[in-house]
Amino acid sequence: MARREPEQNDDPIVRIVRPESEPSPQELLKHGPFRTGLAGTGAPRAGRTTVEEARRKGPIGWLQVLGPGLIAGASDDDPSGIGTYSQVGSQFGYGLLWTALFTFPLMSAVQELCSRIALQTGVGLGISLRRKFPSWLVGVAILGLLGANTFNIGADLGAVAAGGSLLTHGVVRPLWLVIPIALLVIGLQLFASYLAIFKIFKWLTLALFAYVITAFFAHPQLLDVLKATFIPHVELSQGFVMALVAVLGTTISPYLFFWQASSEVDEMAATSDTNPLVHHRSGTAAELRAARVDIVVGMAFSNLVMYFIILTSAAVLHAHGKTDIQTADQAAAALTPLAGPFAFVVFAVGIIGAGLLAIPILAGSASYALKEFLGLRGDLASKPRYRPTFYLILAAATMAGVVMNFAQLDPIRALFLAAVINGVVAPPLLVLIVWLGRDRRIMKQRTSGELSLALTGLTALARGVAALTVLAGLTPLKLLS
């Protein structure tokens with residue numbers, strides 16, 4: 001029998017700079033052999049923790065179920081989202097509290113479908129879309145995703161730096177913090193193991209509880225809050241419609257679709273009993289049920305935080321006539337004289353934690369989407385020296401955000417541009433994902449059910465209406481997205 005020649009590493013940079021053979025799975029991993037005892041999100045190596053195991057283990061078991069869905073949900077409340085919700089609450093009071101309940105099933109359905117596609121196919125969303133649809137169509141969507149993510153990264157870097165400056169009462173200027181924050185994020189993704197990265201991400205989600213705590217300093221009127229929560233309030237005014245568009249746009253973002261799918265694939269690889277870097281096995285029914293629980297909890301957490309940010313802004317800022325809030329750090333600064341210094345500190349800490357969670361996910365989703373579209377290999381588990389192209393894309397997206405800050409690009413303008421791009425990209429992308437989820441040749445017995453189709457279809461329709469509204473030129477530049 002002829003001896004098999006070693007496979008060549010097909011990374012473009014490796015191929016040009018230092019041609020070498022493909023390393024073994026053990027060598028490719030950042031730290032040690034792949035049998036580490038735990039998966040990336042803390043689940044046992046035998047497979048992702050199932051719902052049945054979680055019930056048996058109690059609170060620890062339920063925590064082990066949580067992973068990609070929780071992180072995706074928490075990252076949705078990034079500083080730009082916090083700014084949107086703060087602005088909405090300061091301008092319209094409790095009028096849009098009901099949107100937290102309205103968007104919850106829509107977000108959950110879309111993220112569940114992306115997760116189900118990944119678990120069934122064993123590959124990321126970019127690969128699945130490229131296999132079914134014309135490359136130019138998928139390429140346009142991914143190009144839009146890269147642009148929107150870059151603007152969001154820049155705005156979020158600026159917000160985290162502004163939050164740090166606020167805590168020093170302006171002694172440290174925001175621009176001094178932008179580069180250290182960017183280097184911290186890049187360093188984490190370059191050198192930390194997959195296990196460490198996801199553990200850090202899960203801990204960072206706790207920072208968002210700051211907004212739940214802050215609401216108790218606001219002393220809102222309970223009956224007014226309950227009424228606004230369960231009875232939708234709609235105004236036929238341009239400002240109100242734009243606020244509704246902004247809320248919808250910032251809660252259902254395309255980057256979350258790709259991050260959810262890629263994270264599920266990495267999760268499957270991390271719990272593989274054979275080769276953790278071969279992404280081709282299908283997830284089991286138990287893994288799918290666990291992923292659904294993870295997603296529902298993650299989206300519920302995301303919308304809970306959204307709800308309390310709007311509530312705090314309405315009860316404190318709107319009630320005192322502060323309706324000109326545009327960014328998250330402005331909201332934090334405005335809380336000081338109205339709700340006390342402790343509320344200000346909690347709000348500012350939440351901005352920093354949310355940004356440190358969202359920035360690497362924005363950069364990571366861009367890197368995953370592009371490498372999947374180009375047919376390259378690479379993930380957060382592999383060493384940079386063997387997959388430099390993947391990490392170069394990741395670092396370039398983050399550094400582009402740094403350049404935006406030093407070029408003094410208006411963050412409100414940047415977020416508006418991101419909103420426009422996301423508004424254009426999201427509806428057709430959602431249609432493609434729904435179409436993919438209905439394909440029996442790909443999804444087999446896991447095609448979209450009637451409820452999933454109804455919710456994801458409604459989401460695509462709502463995002464389409466929002467996109468048309470934005471493209472009609474009605475959105476004021478100061479409205480965040």
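Just so it is clear, the structure is predicted and the values come from calculations on it, not from any experiment.
Minimum heavy-atom separation, E112 to S452: OE1-OG, 4.5 Å. The heavy-atom pair separating M404 from F151 by the smallest distance is CE-O, 3.7 Å. Nearest heavy atoms, S115 versus I295: CB-CD1, 3.4 Å. The shortest non-hydrogen separation linking G164 to I352 is N-CD1, 3.8 Å. P79 and I351 get closest at one heavy-atom pair: CG-O, 3.8 Å. The heavy-atom pair separating A118 from V265 by the smallest distance is CB-CG2, 4.0 Å.
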I181 vs L356, test: side chain to side chain contact (heavy atoms under 4.5 Å, CB included). Steps then yes/no. CA-CA 8 Å; I181 292 167; L356 290 176; 4.0 Å; yes

| said: Using the rule given for side chain to side chain contact (heavy atoms under 4.5 Å, CB included), can you reason through S262 versus L125, listing the C-alpha separation, both sets of side-chain angles and the distance that settles it, and then say yes or no? | reply: CA-CA 7 Å; S262 296; L125 192 58; over 6 Å; no

Practice problem: Walk me through it: do K371 and R387 pass the test side chain to side chain contact (heavy atoms under 4.5 Å, CB included)? | Solution: CA-CA 11 Å; K371 70 97 177 180; R387 301 287 185 259; over 6 Å; no

Can V349 and L167 be said to form a side chain to side chain contact (heavy atoms under 4.5 Å, CB included), step by step? CA-CA 8 Å; V349 167; L167 291 179; 4.3 Å; yes

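Pairs passing the side-chain hydrogen bond (donor to acceptor under 3.5 Å, both in side chains) check and including a residue from residues 251-260, sequence neighbours excluded, read Q111-Q260, W259-S263, Q260-E264. Sorted by first and then second residue, the side-chain hydrogen bond (donor to acceptor under 3.5 Å, both in side chains) pairs with a member in residues 128-143 read T121-S128, K132-D439; sequence neighbours excluded.
Side chain of D379 to main chain of S382: a donor-acceptor pair is present (N/O by atom type, distance under 3.5 Å, no hydrogens or angles). Judged by distance alone, the side chain of N303 and the main-chain N or O of A100 form a donor-acceptor pair under 3.5 Å. Put simply, the side chain of S90 gets close to the backbone of S86: a donor and an acceptor are under 3.5 Å apart. Distance alone, capped at 3.5 Å, places no donor-acceptor pair between the N405 side chain and the V178 backbone. Although no hydrogens or angles enter the test, the distance criterion places no donor-acceptor pair under 3.5 Å between the side chain of T250 and the main chain of A246. N149 places no side-chain N or O within donor-acceptor distance of the main-chain N or O of S365, the cut-off being under 3.5 Å. Side chain of D11 to backbone of T389: a donor-acceptor contact under 3.5 angstrom is found.
For the atom pair CG (L317) and CD (Q87), the distance works out to 11.5 Å, reported to the nearest 0.5 Å. From I82, atom CD1 reaches atom CG of D77 across 6.5 Å, with rounding to the nearest 0.5 Å. In this structure, CG on L304 lies 13.0 Å from CE on M299, to the nearest 0.5 angstrom. Distance CG/L376 to CD1/I127: 9.5 Å, rounded to 0.5 Å.
Ring to ring, Y85 and Y307 are not that close: their centroids are 6.0 angstrom or more apart.
Residues R377 and D10 are paired through a salt bridge, judged by an N-O separation under 4.0 Å between the basic side chain and the carboxylate.
When each of F390, Y391, F258 is tested with Y368 by the rule ring pair (Phe, Tyr, Trp, His ring centres under 6.0 Å), just one qualifies, namely F390.
Counting heavy atoms from C-beta on, the side chains of I433 and T456 never come closer than 4.5 Å. A heavy-atom distance below 4.5 Å is not found between the side chains of V110 and L256. Proximity of V88 to S313: side-chain heavy atoms (C-beta onward) are nowhere separated by under 4.5 Å. Taking 4.5 Å as the limit, every side-chain heavy atom of L97 sits out of range of all side-chain heavy atoms of F308. In this structure the side chain of V138 never reaches within 4.5 angstrom of the side chain of L429, judged on heavy atoms. You'll find the side chain of V296 reaches within 4.5 Å of the side chain of F104, heavy atoms only. Residues L362 and T150 are not in side-chain contact: their nearest non-hydrogen atoms beyond the backbone lie 4.5 Å or more apart. Side-chain atoms of L432 and L436, non-hydrogen and from C-beta on, never get closer than 4.5 Å to each other.
Residues passing the side-chain contact (heavy atoms from CB on, under 4.5 Å) test with I186 are L190, A395, T398, M399, sequence neighbours excluded. For F209, the ring-ring contact (aromatic ring centres under 6.0 Å, His included) partners two or more places apart in sequence, or in a different chain, are F301. Applying the ring-ring contact (aromatic ring centres under 6.0 Å, His included) rule to F257 yields no partners; only residues at least two apart in sequence or on another chain are considered. Taking R463 as the reference, nothing meets the salt bridge (charged side-chain N to carboxylate O under 4.0 Å, His left out) condition, with sequence neighbours excluded.
For R173, the CZ atom counts as loosely surrounded, since its 6.0 Å shell holds 12 or fewer non-hydrogen atoms of other residues, nucleotides or ligands.
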